[in-house]
Amino acid sequence: MPQYAALIYNADVDWSRPEYADVTKEYGEFGQAAAAVLRGGAALYQTGTATTVRVQGGKGGDVVATDGPYAETKEALTGFYLLECADLDEAVKWAAQIPGAWDGAVEVRPVIDFGSNAG
């Protein structure tokens, strides 16, 4: 069955803080409701904790790591779920139930299955 990444874009805040307990409770409720299709996921720390990596000159080139996110935006990638659904319509149905979709956005993308070619 195909898998879809549900990428959550929302306010760039520290979701582990007590003032967001109600929202994190809603995410827990979503996780329980979607347990049959969830294959993974995680919340991400704020973009200020990010490290952006580039390799100058391509493969084997100089590795340049810089503190911070790739781009400054109003909404940031704050978490993701990996959904296993029959099709895109089902994945969209579940994505609409993710709390981040209610005041931000959830981008749904099919996951490439490289199968035995991976690694």
Side-chain angles (χ1 to χ4, degrees):
M1 191 172 316
Q3 292 188 343
Y4 297 87
L7 307 172
I8 304 164
Y9 292 88
N10 216 312
D12 191 19
V13 298
D14 182 351
W15 294 104
S16 66
R17 296 186 50 90
E19 60 263 35
Y20 300 110
D22 289 345
V23 177
T24 56
K25 181 178 180 234
E26 290 174 334
Y27 276 97
E29 292 167 356
F30 168 77
Q32 290 176 350
V37 299
L38 285 180
R39 297 298 175 263
L44 302 173
Y45 282 100
Q46 290 175 275
T47 58
T49 65
T51 300
T52 300
V53 177
R54 292 182 172 85
V55 179
Q56 294 180 339
K59 183 178 180 180
D62 294 328
V63 176
V64 178
T66 54
D67 291 339
Y70 175 69
E72 296 290 329
T73 62
K74 180 180 175 192
E75 293 176 337
L77 177 62
T78 59
F80 66 93
Y81 287 106
L82 184 60
L83 309 172
E84 187 172 72
C85 299
D87 55 29
L88 178 60
D89 290 338
E90 183 185 3
V92 167
K93 180 192 91 160
W94 282 109
Q97 296 178 51
I98 297 171
W102 307 337
D103 62 0
V106 175
E107 177 183 344
V108 177
R109 250 196 246 188
V111 173
I112 297 172
D113 179 7
F114 287 107
S116 62
N117 294 333

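The structure displayed is predicted, hence computed values, not measured ones. Only this structure's heavy atoms are used, side chains among them; waters, hydrogens and symmetry mates stay out. Numbers here are sequence positions counted from 1.
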Asks: Are F30 and V23 connected into the same hydrophobic cluster when the rule is that any two of I, L, V, M, F, W, Y join if their side-chain heavy atoms are below 4.5 Å apart?
Replies: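 V23 clusters together with F30.
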
Asks: What's the spacing between E19 CD and D14 CG if we round to 0.5 Å?
Replies: 8.0 Å

Asks: Calculate, to the nearest 0.5 Å, the distance between atoms CG and OG1 belonging to D67 and T47 respectively.
Replies: 12.0 Å

Asks: Minimum heavy-atom separation for G100 and V106, please, with both atom names.
Replies: C-CG2, 4.2 Å

Asks: Please step through side-chain contact (heavy atoms from CB on, under 4.5 Å) for the pair I8 and Y81, ending with a clear verdict.
Replies: CA-CA 8 Å; I8 304 164; Y81 287 106; 3.8 Å; yes

Asks: Rounded to the nearest 0.5 Å, what separation is found between the CD1 atom of I98 and the OH atom of Y27?
Replies: 7.0 Å

Asks: If we only count heavy atoms from C-beta on, is the L83 to L38 side-chain gap below 4.5 Å?
Replies: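 In contact.
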
Asks: Under the side-chain contact (heavy atoms from CB on, under 4.5 Å) criterion, do Q3 and D113 qualify, and how do the steps go?
Replies: CA-CA 8 Å; Q3 292 188 343; D113 179 7; over 6 Å; no

Asks: Please report the closest heavy-atom contact between L88 and Y4, naming both atoms and the distance.
Replies: N-OH, 3.0 Å

Asks: Assess the side chains of T78 and N10: does a donor N or O sit below 3.5 Å from an acceptor N or O?
Replies: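 There is no such pair between these side chains.
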
Asks: Quick one: closest heavy-atom pair of D103 and E75, and the distance?
Replies: O-OE2, 4.0 Å

Asks: If I compare all heavy atoms of E26 with all of W102, which pair ends up nearest, and what's the gap?
Replies: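 Result for this residue pair: OE1-CZ3, 3.6 Å.
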
Asks: What pair of heavy atoms forms the shortest contact from D12 to Q46, and how long is it?
Replies: O-NE2, 3.2 Å

Asks: Return the minimal non-hydrogen interatomic distance between A65 and T51, and the atom names on each side.
Replies: CB-CG2, 3.9 Å

Asks: More than 12 foreign heavy atoms under 6.0 Å from CZ of R39: is that the case here?
Replies: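 Counting neighbours around CZ of R39, more than 12 heavy atoms of other residues, nucleotides or ligands fall under 6.0 Å, so yes.
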
